[in-house]
Amino acid sequence: MAAAPPPSATFFDHVYAVVRRVPRGRVTTYGAVAQMLGRPRGARAVGYALNALKDHGDDSAYGDVPWQRVINAQGRISIVNRAFDAAEQAARLRAEGVAVDDTLRIDLDRFGWDGLDWAEVAAIIGRR
DNA sequence: ACAGTGACAACAT
DNA sequence: TATGTTGCCACTG
């Protein structure tokens with residue numbers, strides 16, 4: 001398991017580590033992930049990190065990242081402009097029991113993930 | 001080292 | 001409520 005990247009790991013790697021901890025059937029937001037990693041305003045970087053997963057398509061180490069479980073703060077699938085990917089994200093989520101609205105909206109009160117606690121995050125980013 | 005870029009978020013109209 | 005603008009952060013060339 002590669003859950004705890006070394007301190008030299010980039011922010012992207014930290015993002016992947018956190019997303020891999022999101023339970024099946026649950027979702028979280030870009031902002032929440034960023035905040036867990038100590039970047040309350042780094043939501044955009046989180047989205048960029050997940051986007052970069054495509055560049056590692058062949059690498060299985062990145063293939064197990066459940067990117068579909070990360071949505072925006074409004075509880076919606078945020079890649080609407082890329083209809084193909086949005087549809088796939090919705091399909092993947094429904095496949096694991098998450099109710100996705102016709103407008104690609106999800107009830108965060110029902111499916112939202114609590115997130116990692118202090119110690120879990122420390123193990124990932126290697127800080128305290 | 002610098003500017004451009006992007007699966008976000010918050011605020012203003 | 002809906003649309004537009006501004007601030008953020010980290011990676012790439």
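So that the names make sense, note that chain A is the first sequence line, chain B the second, and so on, each numbered from 1.
- Within the 4.5 Å cutoff, side-chain heavy atoms of A/L53 are placed close to those of A/Y16.
- In this structure, the side chains of A/I106 and A/L93 come closer than 4.5 Å at one or more pairs of heavy atoms.
- Two residues are said to be in side-chain contact when any heavy atoms from C-beta on lie closer than 4.5 Å; A/F11 and A/I125 fail this criterion.
- Listed by residue number, the members of residues 65-75 of chain A with any heavy atom below 4.0 angstrom from DNA chain B are A/W67, A/N72, A/A73.
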Side-chain donor-acceptor distances from residues 95-102 of chain A under 3.5 Å, at least two apart:
residue	atom	partner	partner atom	Å
A/E96	OE1	A/Q68	NE2	3.3
A/E96	OE1	A/R69	NE	3.4
A/E96	OE1	A/R69	NH2	3.2
A/E96	OE2	A/G25	N	2.9
A/E96	OE2	A/R69	NE	2.8
A/D101	OD1	A/T103	N	2.9
A/D101	OD1	A/T103	OG1	3.1

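- The nearest whole Å value for the distance from the CG atom in A/L93 to the P atom in B/dA7 is 18 Å.
- Here the closest non-hydrogen pair linking A/A43 and A/Y30 is O-CB, 3.8 Å.
- Rounded to an integer number of Å, the gap from CG of A/N51 to P of B/dC8 is 9 Å.
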field: Footprint string (nucleotides 8-13 of chain C, 5' to 3'): B base within contact, S backbone only, - free, heavy atoms under 4.0 Å
entry: BBSB--
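- With values rounded to the nearest 0.5 angstrom, A/Q74 atom CD is found 11.0 Å from A/T29 atom OG1.
- B/dA7 atom P lies 17 Å from atom CZ of A/R92, rounded to whole Å.
- Under the 4.5 Å side-chain criterion, counting only non-hydrogen atoms from C-beta, A/V65 is not in contact with A/V15.
- Considering only heavy atoms from C-beta on, A/P66 comes within 4.5 Å of A/V19 through its side chain.
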